[in-house]
2 protein chains.
Amino acid sequence: MPGRAETRLQAKILTRLRDAGPQSRIQLSEHFEVSRTTIGTELGRLTALHLVEEIGPAASRGGRRSTVIDLAGHVRFVGIAIGATSVSTAVTDGRLRVLAFERTECDVRRGPEPVLELAAEQTRRLLVKLGVDRPLGVGVGVPGPVDFSRGIPVSPPIMPGWDGYPARDLLGRRFDCPVLLDNDVNVMALGEQHAGAAGTVENFLFVKVGTGIGCGIVAKGELYRGMDGCAGDIGHIPVADSVAVCACGNTGCLEASFGGDALARDALATAQSGRSPLLRELLERTGTLTAADVGEAVGAGDATSVQMVRDGGRRVGEVLAGLVSFFNPSLIVLGGGLTLLGHVLLAEIRGAIYRRSLPLATRNLPIMMSDLGPQAGVIGAARLVSQEVYGVAR
Amino acid sequence: MPGRAETRLQAKILTRLRDAGPQSRIQLSEHFEVSRTTIGTELGRLTALHLVEEIGPAASRGGRRSTVIDLAGHVRFVGIAIGATSVSTAVTDGRLRVLAFERTECDVRRGPEPVLELAAEQTRRLLVKLGVDRPLGVGVGVPGPVDFSRGIPVSPPIMPGWDGYPARDLLGRRFDCPVLLDNDVNVMALGEQHAGAAGTVENFLFVKVGTGIGCGIVAKGELYRGMDGCAGDIGHIPVADSVAVCACGNTGCLEASFGGDALARDALATAQSGRSPLLRELLERTGTLTAADVGEAVGAGDATSVQMVRDGGRRVGEVLAGLVSFFNPSLIVLGGGLTLLGHVLLAEIRGAIYRRSLPLATRNLPIMMSDLGPQAGVIGAARLVSQEVYGVAR
DNA sequence: CTGACTTCGGCCGGGCGCCTGCCGAAAGGC
DNA sequence: GCCTTTCGGCAGGCGCCCGGCCGAAGTCAG
């Protein structure tokens with residue numbers, strides 16, 4: 001029955017083992033510039049807590065072989081990423097490597113009870129399959145603002161019925177372990193920080209272009225959530241040349257002119273108007289059009305679809321250009337469903353940012369696609385709760 | 001000869017005395033939830049360092065009277081705020097109360113040597129007047145991006161000749177004490193955090209509308225500077241309906257459509273076109289028009305000038321609306337020279353933000369004018385270096 | 001005025017985190 | 001087989017912080 005780390009050094013050791021893999025005592029003491037003795041005593045306690053274990057001797061460095069320490073083999077975390085239209089779950093080991101993953105289509109608008117029931121059941125299935133008795137922690141991402149300290153969604157525009165629903169505490173009782181609830185883009189940013197290109201970067205933005213558009217902010221190596229937990233909600237920033245009516249009631253929101261829903265709507269209008277024979281064909285085949293259909297059309301070289309994506313990408317890029325001037329990040333990672341639109345979208349966003357931001361801010365600013373795909377959210381959710389269990393910032 | 005604080009608790013004690021005033025040992029131990037003994041030993045060391053001193057007995061609380069501790073009376077900091085057109089200097093005590101203040105008009109474009117010479121001479125004058133031998137530290141704000149860790153300006157657009165100039169180290173040798181160099185809006189934000197409405201707030205924006213437009217960002221109680229030290233440079237974010245050419249080479253920058261220079265330019269055009277008799281009169285009287293003249297015209301009820309300010313305020317507000325959605329601050333403070341335009345500007349900015357940001361983000365978002373005026377910069381600069389001397393984050 | 005009570009603040013001994021020094025165990029090289 | 005190197009546990013020491021004790025310095029009731 002493993003416990004939780006207590007001291008600062010324990011947290012640093014566990015984090016190091018999580019992010020850099022198994023280490024010898026010597027390596028740890030050199031990395032943290034702390035004596036072998038200190039590392040040794042803390043490792044003793046962590047062993048007693050069943051959080052780490054010795055996994056065998058390392059190669060000799062000319063003398064006695066050192067013993068390699070790793071996170072205990074039985075440690076398991078659960079990451080749950082609830083999207084607008086899907087629920088993804090993963091079980092990971094202590095180093096957040098995904099051991100099992102499952103994704104189910106599910107509309108978040110069905111309300112908290114059925115969606116969380118589905119998520120919990122999906123999780124239970126994976127845990128049983130892996131023979132896991134009890135995970136050390138569960139991280140959850142939901143597509144709306146969250147009061148992180150209380151673990152409840154607040155005024156989520158696309159999640160009717162979720163406002164104030166005590167999701168964290170209910171899941172905590174269900175799984176009998178620590179549960180943390182956060183915004184979906186926030187956990188995706190954490191996922192990118194863990195497994196993606198953002199690993200060593202202090203300040204970066206994770207921009208999700210999916211059904212909606214949102215942004216996870218990492219400042220000085222830590223998630224920034226804002227006063228109400230709604231920082232990064234860039235989907236409703238006005239864009240210049242748009243009068244599209246948004247679900248939020250305003251007009252000209254970025255999300256109303258691009259993003260999954262807007263793209264599907266525009267594709268439908270385009271298909272019906274006959275400007276794109278390819279889209280019309282796709283519409284007639286399936287009876288409906290989605291953003292993925294537009295992606296397919298772009299891949300097939302459909303000029304009208306390419307233009308739609310370009311226009312959208314330019315608008316996203318123009319909004320991001322302003323945010324780059326404001327935030328001066330070291331990196332921007334693009335993720336979410338619409339990354340299927342690939343290099344056309346990336347090129348347009350890059351062009352807009354490099355054209356419209358301060359040269360000083362873009363001089364060393366890589367802008368790249370996430371390579372974690374649908375797993376960014378679940379890995380990040382697991383990372384979120386791993387920090388709690390490993391005692392980071394306590 | 002006072003030294004610098006060494007331990008974390010010492011830094012906390014000094015900061016507390018700076019921000020909350022003289023305290024008894026008991027008050028300090030209760031506030032930090034640390035034993036009397038610990039406070040006592042640290043205070044002993046701080047006394048030996050000549051950083052604190054006993055200033056007499058407090059009122060009795062029913063028993064023996066406690067001894068009140070204060071920052072040592074001889075402690076002095078210097079704050080220097082270099083603006084686009086002025087150099088302000090203040091000497092403060094350990095609690096950052098301004099003991100002497102001087103402001104000289106001076107164009108920063110004259111280059112680093114003459115401007116820093118003027119600043120140093122102005123400082124020297126104040127120090128002599130107050131009989132100060134040596135300040136404990138000097139903080140400096142300059143109107144452009146700064147590599148904070150190296151203490152040098154980087155690619156400052158409005159400061160030709162300053163790029164890479166080792167301002168911090170040169171001033172350090174001149175004053176023989178620690179010197180810190182930062183962006184002017186950053187130090188103004190610190191000033192507001194110390195003496196203004198932002199004192200207890202974790203996340204806020206200080207927006208300066210002066211010759212240019214910039215923004216200081218405080219996140220989780222700490223200044224956020226971005227990767228290159230140019231975070232908050234919002235003057236070059238594009239605004240919707242503007243084609244004004246900016247000094248940066250782009251068109252449609254916020255700063256090109258509003259701010260001191262743009263306002264003076266527009267006022268001149270308006271006066272020459274005859275649309276505003278009042279502005280024409282002001283132009284003919286002085287031969288030139290400044291933003292202050294527009295302020296006077298607004299005060300006199302000149303409709304054209306009011307409209308100019310309204311248009312500008314709306315544009316600033318629209319940009320800020322996007323940043324509010326992104327950053328979700330608890331407070332926005334407006335400062336800089338154009339606060340002379342007063343409630344017209346404030347009302348317009350407020351209107352645009354409340355109209356165009358997420359309701360969740362604006363629900364509890366005060367937007368107010370700074371009440372520190374020209375002293376925000378010097379107080380903030382002194383605060384910046386006081387944190388260094390007091391050992392914060394070391 | 002006096003004695004009981006309260007608060008303040010210095011001193012003492014102890015727990016704990018971290019250090020260095022030392023030594024035996026375990027490996028490699030000749 | 002012996003020396004060298006590395007590893008890792010143990011002993012002793014230092015600094016930080018704690019609670020307990022006690023004298024100093026107040027208040028207050030009678």
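Computed from heavy atoms alone, side chains included, the values below leave out hydrogens, waters and symmetry copies. So you know, we letter chains A, B, ... as the sequences are listed, proteins then strands, and number each from 1.
Among the atoms of the strands shown, only primed sugar atoms or phosphate atoms (P, OP1, OP2) are found under 4.0 Å from some heavy atom of T67(B). If you check every strand for non-hydrogen atoms under 4.0 Å, E42(B) touches sugar and phosphate atoms only. Within the 4.0 angstrom heavy-atom criterion, only backbone atoms of the sugar-phosphate kind lie near R25(B); the bases stay farther away. Contacts of R8(A) with the nucleic acid, taken as non-hydrogen atoms under 4.0 Å apart, are absent.
Taking every side-chain heavy atom of T38(A) into account, dC19(C) is the closest of dC16(D), dT7(C), dC19(C). Closest contact between the side chain of L9(A) and the listed nucleotides dC18(C), dC17(D), dC8(C) involves dC18(C). Distances from the side chain of T37(B) to the nucleotides dC8(C), dG19(D), dC7(D) place dG19(D) closest.
Regarding contacts with the backbone of dC8(C), a side-chain N or O of R61(B) is found under 4.0 angstrom from either OP1 or OP2. The phosphate of dC17(D) has neither OP1 nor OP2 within less than 4.0 Å of any side-chain N or O from S35(B).
If you take CD of E33(A) and C1' of dC18(C), they are 14 Å apart, rounded to a whole angstrom.
Judged by distance alone with a 3.5 Å cut-off, no donor-acceptor contact links the side chain of S60(A) to the base of dT5(D).
We find that D182(A) and R225(A) are joined by a salt bridge, their nearest charged nitrogen and carboxylate oxygen being less than 4.0 Å apart. Using a cutoff of 4.0 Å between basic side-chain nitrogens and carboxylate oxygens, R4(A) and E388(A) are scored as salt-bridged.
Nearer to the 5' terminus of DNA chain C, by closest-nucleotide assignment, is the contact made by T7(A) (compared with the other of G62(A) and T7(A)). Place T41(A) and R65(B) on DNA chain C by their nearest nucleotides, and R65(B) ends up nearer the 5' end.
Considering E54(A), Q27(A), R16(A) as possible partners of I69(A), the one that fulfils the side chain to side chain contact (heavy atoms under 4.5 Å, CB included) test is E54(A).
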